[in-house]
Amino acid sequence: MAGGTGTLDEATEILELKKHGKHTKPVVFLNTAGFYDGLKLQFRRMEDEGFLPRPLADLAFFAEDGPAALAHLESEIAAR
């Protein structure tokens, strides 16, 4: 969901917890109208330059719409 700096702070905290194995829940960014394109690009750069200890695909999924977000969540749940 689109949001301000508080939303970004909360999202990155959740990703940090996942990175350190504190949870295994799927993290999905609903990238409505490309709102999170810049964040996705930054995460890819961090991954390419070795700043992510896990692949971005293991940390988060960027869904372009609601059905894609739900499909990803359902596939994650089914895989458990």
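Please read all numbers here as calculations on a predicted model, not as lab measurements.
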Following the transitive rule for hydrophobic clusters with a side-chain heavy-atom cut-off under 4.5 Å over Ile, Leu, Val, Met, Phe, Trp and Tyr, establish whether Ile14 and Phe35 coincide in one cluster.
-> yes
With sequence neighbours excluded, give me every side-chain hydrogen bond (donor to acceptor under 3.5 Å, both in side chains) pair touching residues 60-80.
-> Thr24-Arg80, Asn31-Glu64
Cluster overlap Leu59 with Phe51, hydrophobic side-chain contacts below 4.5 Å | yes
Restricting to pairs with a member in residues 10-19, which pass side-chain hydrogen bond (donor to acceptor under 3.5 Å, both in side chains), not counting sequence neighbours?
-> Glu16-Lys19, Glu16-His20
Taken in chain and number order and not counting sequence neighbours, the residues that satisfy side chain to side chain contact (heavy atoms under 4.5 Å, CB included) with Leu73 are Pro26, Val28
Same apolar cluster: Leu70 and Phe62, side chain cutoff 4.5 Å | no
Look up atom CG in Asp37 and atom CG in Leu41, then write down how far apart they are to the nearest 0.5 Å.
-> 8.5 Å
If you take all heavy atoms of Leu30 and Gly66, which pair is closest and at what distance?
-> CD1-N, 3.7 Å
Closest contact, heavy atoms only, Phe29 versus Ala60 = CE1-CB, 3.8 Å
Show me the donor-acceptor pairs within less than 3.5 Å that the side chains of residues 42-49 make with the rest of the protein, sequence neighbours left out.
residue, atom, partner, partner atom, Å
Arg45, NE, Glu49, OE2, 2.9
Glu47, OE2, Leu56, N, 3.0

